[in-house]
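Numbers here simply count residues along the sequence, with the first being 1. These figures come from a predicted structure and were not determined experimentally.
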Amino acid sequence: MPNNLLAGKVGIISGALNEESIAWKVALKAHEEGARIVLTNAPLAMRMGEINKLAEQCNAPIIPADATSVEDLEKLFSGAQEQLGGKLDFVLHSIGMSPNIRKGKHYGELNYDWFQKTLDISALSFHKMLAVAEKQDAFNEWASVVALSYIAAQRAFLDYTDMSQAKAVLESIARSYGQRLGKLRKVRVNTVSQSPTKTTAGTGISGFDAFYEYANKMSPLGNAPAEACADYCISLFSDLTRYVTMQNLMHDGGFSTTGISEEIVEAITAVTKQSE
């Protein structure tokens with residue numbers, strides 16, 4: 001049931017590709033909670049996805065932007081303020097892509113040009129967004145910026161390769177720019193580290209299904225679904241979390257602080273008995 005948590009607020013939602021996307025669900029939830037939004041994605045992603053359908057559902061304009069291009073981001077932020085009639089109250093950064101993962105490169109054979117592209121798309125784009133917004137004075141006081149991250153920023157996971165470094169940089173940017181924008185405009189900047197989620201991007205990683213099941217068995221509450229992540233993002237956009245900033249917030253059903261679960265012990269014990 002809607003609570004009008006974002007009544008009167010306006011913002012930008014990036015990265016909605018299709019109905020499986022967390023950004024898609026955040027956009028729907030923001031609209032439901034009374035916000036007006038602008039949708040954005042890279043032109044290629046827009047051609048591959050279904051963003052026009054989402055725009056109709058949310059009555060939202062679309063401003064295409066390559067998040068690695070400062071010029072595109074300048075047009076995005078100025079255009080969003082024009083479309084929405086004023087400064088912004090929230091922004092979602094849901095952008096990530098690794099050419100190395102797409103091409104099946106393991107960690108020991110990374111293409112370094114692609115590695116730099118991973119960092120530019122998945123992390124430096126966040127800095128560029130915030131820098132453009134700062135230069136345009138695009139945020140209202142107490143605005144909130146959220147970027148989606150993953151626990152691989154802190155731990156080593158097979159097959160996540162250079163995206164691990166990208167997420168670590170993303171989280172560092174949130175801390176550094178959170179301090180800066182907090183002083184300048186009382187703007188909050190946080191990252192949300194979400195459970196493995198069956199999105200188009202997530203399922204593109206080798207071994208995803210096995211790790212999804214492992215994380216689900218490890219987490220006391222189970223994997224957090226995309227819909228719940230959207231709810232969490234909305235709470236961070238709202239006035240209820242005004243003093244939360246510069247944090248990497250774990251939204252993972254308890255996975256990040258669980259040593260081992262009964263389900264995993266039972267599974268290992270069963271396999272051990274079979275091999276005896």
Side-chain angles (χ1 to χ4, degrees), residues 1-3 5-6 11-33 35 37 39-42 45-46 48-58 60 67 90-98 101 121-122 126 144-153 157 159-160 163 166-167 170-171 174 190-205 207-238 241 247-256:
M1 179 181 296
N3 297 291
L5 288 176
L6 303 185
I12 296 172
I13 303 293
S14 72
L17 182 67
N18 54 39
E19 292 181 349
E20 296 177 345
S21 306
I22 293 173
W24 186 290
K25 298 179 190 304
V26 174
L28 289 176
K29 181 65 68 171
H31 175 66
E32 182 181 308
E33 291 294 338
I37 60 174
L39 299 170
T40 187
N41 213 330
M46 289 179 61
M48 292 171 56
E50 305 165 11
I51 196 170
N52 289 326
K53 176 182 174 182
L54 178 63
E56 290 178 11
Q57 289 178 288
C58 297
F90 60 88
V91 171
L92 177 72
H93 179 284
S94 179
I95 301 168
M97 193 277 286
S98 166
I101 290 176
I121 294 170
S122 308
F126 191 40
S144 175
V145 183
V146 174
L148 298 182
S149 190
Y150 185 54
I151 196 174
F157 287 99
D159 300 319
Y160 207 63
M163 279 296 292
K167 292 301 187 185
L170 182 84
E171 292 175 13
N190 295 289
T191 54
V192 170
S193 190
Q194 165 68 359
S195 294
T197 309
K198 292 184 178 180
T199 62
T200 301
T203 54
I205 298 170
F208 175 85
D209 288 342
F211 182 66
Y212 180 91
E213 292 305 322
Y214 167 74
N216 203 42
K217 284 180 167 51
M218 276 286 289
S219 307
L221 300 179
N223 289 331
E227 292 81 0
C229 186
D231 288 336
Y232 196 36
C233 291
I234 296 302
S235 75
L236 292 170
F237 293 157
S238 79
T241 52
Q247 303 298 309
N248 179 53
L249 301 161
M250 310 306 294
H251 188 258
D252 62 1
F255 175 84
S256 54

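- Counting only distance, with no hydrogens or angles, the side chain of Lys167 and the backbone of Leu148 share a donor-acceptor pair below 3.5 Å.
- In this structure, the side chain of Thr191 does not engage the main chain of Glu171 through any donor-acceptor pair within 3.5 Å.
- With hydrogens and angles ignored, the 3.5 Å screen pairs no side-chain donor or acceptor of Glu33 with any backbone N or O of Pro2.
- Side-chain contact check for Cys229 versus Thr197: every heavy-atom pair is 4.5 Å or farther apart.
- A 4.5 Å side-chain heavy-atom check between Ile37 and Phe90 finds at least one atom pair inside the cut-off.
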Before giving the answer on salt bridge (charged side-chain N to carboxylate O under 4.0 Å, His left out), spell out for Glu32 and Lys29 the whole-Å C-alpha distance, their side-chain angles and the decisive distance to 0.1 Å. CA-CA 5 Å; Glu32 182 181 308; Lys29 181 65 68 171; 3.7 Å; yes

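- In this structure, the separation between CE on Met218 and OG on Ser256 is 10.0 Å, given to the nearest 0.5 Å.
- When the options Ile13, Leu170, Val145, Ile12 are evaluated for a side chain to side chain contact (heavy atoms under 4.5 Å, CB included) with His93, the one that passes is Leu170.
- Closest heavy-atom contact between Gly222 and Asn216: CA-OD1, 3.4 Å.
- The shortest distance between side-chain heavy atoms of Phe237 and Val26 falls below 4.5 Å.
- Two residues are said to be in side-chain contact when any heavy atoms from C-beta on lie closer than 4.5 Å; Gln194 and Tyr232 fail this criterion.
- Taking every heavy atom of both residues into account, Leu6 and Ile234 meet most closely at CD1-CD1, 3.8 Å.
- Atom SG of Cys233 and atom CG of Leu249 lie 9.5 Å apart (nearest 0.5 Å).
- Between Ile95 atom CD1 and Thr40 atom OG1 the span is 7.5 Å, to the nearest 0.5 Å.
- Considering all non-hydrogen atoms of both residues, Gly253 and Pro220 come closest at O-CD, 3.1 Å.
- Between Ser238 and Ser235, the closest heavy-atom pair is OG-O, 2.7 Å.
- One N or O on the side chain of Asn18 and one on the backbone of Glu20 form a donor-acceptor pair closer than 3.5 Å.
- In terms of the ring-ring contact (aromatic ring centres under 6.0 Å, His included) criterion, residue partners of Tyr150 (sequence neighbours excluded) are, by chain and number, Phe157, Tyr160.
- Put simply, the side chain of Ser144 gets close to the backbone of Leu236: a donor and an acceptor are under 3.5 Å apart.
- With hydrogens and angles ignored, the 3.5 Å screen pairs a side-chain donor or acceptor of Ser14 with a backbone N or O of Ser94.
- Closest of all the heavy-atom pairs between Ser195 and Ala224 is OG-N, 3.0 Å.
- In this structure, Ser193 contributes its side chain and Ile151 its backbone to a donor-acceptor pair below 3.5 Å.
- When every heavy atom of Ala23 is checked against every heavy atom of Ala16, the shortest pair comes out as CB-N, 3.6 Å.
- At least one donor-acceptor pair closer than 3.5 Å links the side chain of Lys25 to the backbone N or O of Glu19.
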